[in-house]
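Below: the structure, in structure tokens.
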Number of protein chains: 2
Amino acid sequence: MYEHMNKIPGMQQDSFIIDHSSVLPLHYQVEDLLRKLIEQPEYQNGKLLPNEVDLAKKLGISRNTVRQATNKLVYERLLVRKKGVGTKVASNNITTKLNKWSSFTHEMDEKGVKFKNYSLKISWEVADAELSKVFKIDKKTKILKLERVRGVASEPIVYFISYFHPRVGLTGDEDFSKPLYEMLENEHHTTAVISREGISAILADDELSEVLKVAVGDPILFRKRVVFDPGERLIEYNLGYYRADRFTYTIDIERG
Amino acid sequence: MYEHMNKIPGMQQDSFIIDHSSVLPLHYQVEDLLRKLIEQPEYQNGKLLPNEVDLAKKLGISRNTVRQATNKLVYERLLVRKKGVGTKVASNNITTKLNKWSSFTHEMDEKGVKFKNYSLKISWEVADAELSKVFKIDKKTKILKLERVRGVASEPIVYFISYFHPRVGLTGDEDFSKPLYEMLENEHHTTAVISREGISAILADDELSEVLKVAVGDPILFRKRVVFDPGERLIEYNLGYYRADRFTYTIDIERG
DNA sequence: TTTGTTCATATGTTCATACATACCAAATAT
DNA sequence: ATATTTGGTATGTATGAACATATGAACAAA
């Protein structure tokens with residue numbers, strides 16, 4: 001019998017890709033695979049993904065599992081499905097084009113691209129009223145405080161203050177120049193899952209003007225952030241002061 | 001044979017709830033039902049939802065369909081699942097408690113709670129370079145411009161400028177004092193789905209200080225927003241100027 | 001008292017299957 | 001030439017069944 005078996009463009013081998021014996025759920029493996037796949041320029045340019053039935057056959061799994069994976073990406077707005085047509089990468093060119101009005105975006109912040117640490121200070125601070133309330137711990141407890149100034153080559157852009165919950169078990173001797181959340185994941189079994197943020201605008205005071213090299217009274221984007229683990233336990237409390245002339249915060253929101 | 005058939009607390013009748021003949025997908029009906037169900041104080045207080053198998057049996061549908069519905073709510077962080085235990089309402093108390101550091105939140109903005117319109121101005125503006133680029137239309141095209149000042153009883157808080165894509169078909173005679181997106185939905189078949197935002201901090205200039213009743217040089221939270229329909233077509237281009245002393249922007253973010 | 005073990009229960013994953021519905025384009029009728 | 005029908009293809013919805021795995025509680029052993 002002649003099986004057609006189209007090659008899926010941009011995909012490595014015929015199979016070997018999905019590991020049925022892995023502990024990782026199949027849908028998760030597919031999701032991963034798709035993420036890599038759709039990075040390819042052809043898909044970025046609007047080419048339809050291989051259809052679900054073919055893909056399932058190709059990977060040796062059921063269509064439901066393929067759907068489970070694509071569903072996630074659709075929910076994340078990475079993919080767009082169209083009934084009777086197919087699935088393709090969402091046109092996110094809008095984002096990049098519209099973001100021209102700012103030179104710095106949230107993504108860069110998250111991935112730490114191009115950013116370097118200007119200064120790093122680690123200290124232990126005794127919890128005051130605010131910290132004890134945020135972390136729900138006694139007022140006298142010592143909390144690890146991490147201060148960072150980060151920016152691009154020529155200038156500082158953001159001033160971070162991080163407080164870490166004692167539960168995480170940081171000693172202060174860790175290498176904080178490495179990506180923070182990776183470090184927490186690998187060395188402290190702490191996974192950062194959600195972060196809740198509040199953003200406001202303030203004016204630079206003496207300290208901020210000194211740290212960020214701006215004039216007193218310059219506008220500063222102020223962000224408070226609380227990071228949780230999957231069990232919704234607080235991991236980190238983070239204050240961020242961004243130079244408003246160099247930084248814009250970009251967000252996608254869904255409307256019910 | 002004795003069937004146990006537990007009553008599901010807080011639920012109306014035994015059935016009649018799920019309408020198999022409805023055009024609405026079952027999973028959607030279940031989702032709706034769950035949304036209403038978990039509003040009940042008992043579930044808000046941490047009571048476990050009825051388990052999936054029971055619920056499926058109770059509603060006369062398959063477990064998969066129940067899961068499809070709950071999945072959505074889990075993704076929205078309304079529900080938390082725990083293997084071997086059950087599903088319950090996510091403890092969102094964290095949000096509300098932590099938000100005390102600001103008096104105004106994003107939610108209030110979205111729902112328009114307590115806000116009233118101070119002034120309203122409708123005009124037609126000829127697209128300049130920026131607008132023609134954003135809307136991808138000719139430079140000479142006329143675009144409906146809506147200016148609003150909104151706030152609470154005693155003071156203005158935010159100054160909005162909205163531009164609407166000609167495709168939407170607004171005439172300028174609409175009642176813009178009604179909730180905007182409802183109006184678009186009902187009267188212009190235009191559903192607002194996602195909005196992409198950029199947030200920055202600026203200083204109040206003469207115009208803003210006049211409109212928002214603040215001093216020149218006061219910090220202003222500046223937001224650009226583009227609103228799309230489900231087909232990712234641009235509906236609205238919106239500029240928002242928020243008094244930073246009265247407004248904080250609150251966001252939940254997921255970390256991959 | 002503490003530490004294993006077992007067991008019931010609930011969610012987590014996956015499959016095979018079926019039918020519904022939207023879209024597009026080619027064939028056909030007007 | 002221009003509607004209209006129709007078939008092919010794709011996603012959308014829904015079922016039922018099975019097995020995997022995490023949790024917590026009851027129970028038993030150290």
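Naming: A, B, ... by sequence-line order, numbering from 1 per chain.
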Please give, in whole Å, the distance from [N] [atom2] to [X] [atom1]?
| X | N | atom1 | atom2 | value |
| --- | --- | --- | --- | --- |
| B:Asn51 | C:dG12 | CG | C1' | 14 Å |
| B:Arg67 | C:dT14 | CZ | P | 11 Å |
| A:Lys57 | C:dC15 | NZ | C1' | 15 Å |
| B:Asn71 | C:dT14 | CG | C1' | 14 Å |
| A:Leu79 | D:dA10 | CG | C1' | 15 Å |
| A:Leu24 | D:dT21 | CG | P | 12 Å |
| A:Leu48 | D:dT9 | CG | P | 15 Å |
| B:Leu59 | D:dG16 | CG | C1' | 16 Å |

Closest approach of B:Lys139 and B:Val126, non-hydrogen atoms and distance?
->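 Closest heavy-atom pair between B:Lys139 and B:Val126: O-CG1, 3.6 Å.
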Within the structure shown, what part of the strands sits under 4.0 Å from B:Asn64 by heavy-atom distance: base, sugar-phosphate, or nothing?
->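 Base contact.
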Does a side-chain N or O from [X] land closer than 4.0 Å to OP1 or OP2 of [N], or not?
| X | N | answer |
| --- | --- | --- |
| B:Arg81 | C:dG12 | yes |
| B:Thr87 | C:dT11 | yes |
| A:Thr65 | C:dC15 | yes |

With respect to the side chain of B:Gln68, which nucleotide from D:dT13, C:dA10, D:dG24 is positioned closest?
->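 It is D:dT13.
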Of the listed nucleotides C:dT11, C:dC15, C:dT14, the one nearest the side chain of A:Ile61 |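 Nucleotide nearest to A:Ile61's side chain: C:dC15.
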Starting from the 5' end of DNA chain C, give me the residue, A:Ser62 or A:Lys82, whose nearest nucleotide shows up first.
->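 Between the two, 5'-proximity favours A:Ser62.
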Of A:Leu26 and A:Lys83, the one whose closest DNA chain C nucleotide lies more 5' =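 Closer to the 5' end of DNA chain C: A:Leu26.
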Inspect the contact between B:Lys224 and B:Glu130 and indicate whether a charged nitrogen and a carboxylate oxygen are less than 4.0 angstrom apart.
->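 Answer for the salt bridge query: yes.
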Could you tell me whether A:Lys58 and A:Glu52 have a side-chain N and a carboxylate O separated by less than 4.0 Å?
->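 The answer is no: the pair does not qualify as a salt bridge.
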Expected output: side-chain B:Thr70 to main-chain B:Val66 donor-acceptor under 3.5 Å =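 Checking the backbone N and O of B:Val66 against the side chain of B:Thr70, a donor-acceptor pair under 3.5 Å is found.
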With a 4.5 Å heavy-atom cut-off, do B:Leu73 and B:Leu34 have their side chains touching?
->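 Yes, side chains in contact.
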Quick one: on DNA chain D, does A:Gly84 or B:Val85 contact a more 5' nucleotide (nearest heavy atom)?
->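 Taking each residue's closest nucleotide, the earlier one in sequence belongs to A:Gly84.
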